[in-house]
Amino acid sequence: RTTLDLLNDVVAMGFDREEALESIDASLDEVFGFENRKEIRDERLSDELYNDILDGFKCEVEGC
């Protein structure tokens, strides 16, 4: 799955697109480094990373 897939899933949960993108970008910058990032439609994420970030958003909604 890609960063764009993740963004679409987060927006479907009710988050603002721009705020979600900023948060996802910040997380991925820490993991990959800013200079190693690709376009969101081309950037492939491992299932573990994808789910970790998605779980963070779910936690925000559910109040973990």
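Heavy atoms only: backbone and side chains are in, while hydrogens, waters and symmetry mates are out.
Among the candidates Thr3, Asp52, Val31, Asn51, the single residue satisfying the side-chain contact (heavy atoms from CB on, under 4.5 Å) test with Leu45 is Thr3.
Here Asp9 contributes atom CG and Ile24 contributes atom CD1; the two are 9.0 Å apart, rounded to the nearest 0.5 Å. Interatomic distance, Lys38 NZ to Thr2 OG1, rounded to the nearest 0.5 Å: 11.5 Å. How far CG of Leu21 is from CG of Leu7: 5.5 Å, rounded to the nearest 0.5 Å.
With a 4.5 Å cut-off on side-chain heavy atoms, Leu6 and Arg1 do not count as touching. Under the 4.5 Å side-chain criterion, counting only non-hydrogen atoms from C-beta, Leu28 is in contact with Ile53.
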Side chain to side chain contact (heavy atoms under 4.5 Å, CB included) assessment of Ser23 paired with Phe57:
CA-CA 9 Å; Ser23 181; Phe57 283 97; 3.7 Å; yes
Side chain to side chain contact (heavy atoms under 4.5 Å, CB included) assessment of Asp29 paired with Glu35
CA-CA 8 Å; Asp29 284 349; Glu35 63 281 348; over 6 Å; no
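Of the N and O atoms on the side chains of Asp5 and Tyr50, not one donor lies less than 3.5 Å from an acceptor on the other residue.
A salt bridge links Arg37 with Asp25: the distance from a Lys NZ or Arg NE/NH1/NH2 to an Asp or Glu carboxylate oxygen falls below 4.0 Å.
Considering all non-hydrogen atoms of both residues, Phe32 and Leu49 come closest at CZ-CD2, 3.9 Å. Across every non-hydrogen atom of Val61 and Met13, the tightest pair is CG2-CE, 4.2 Å.
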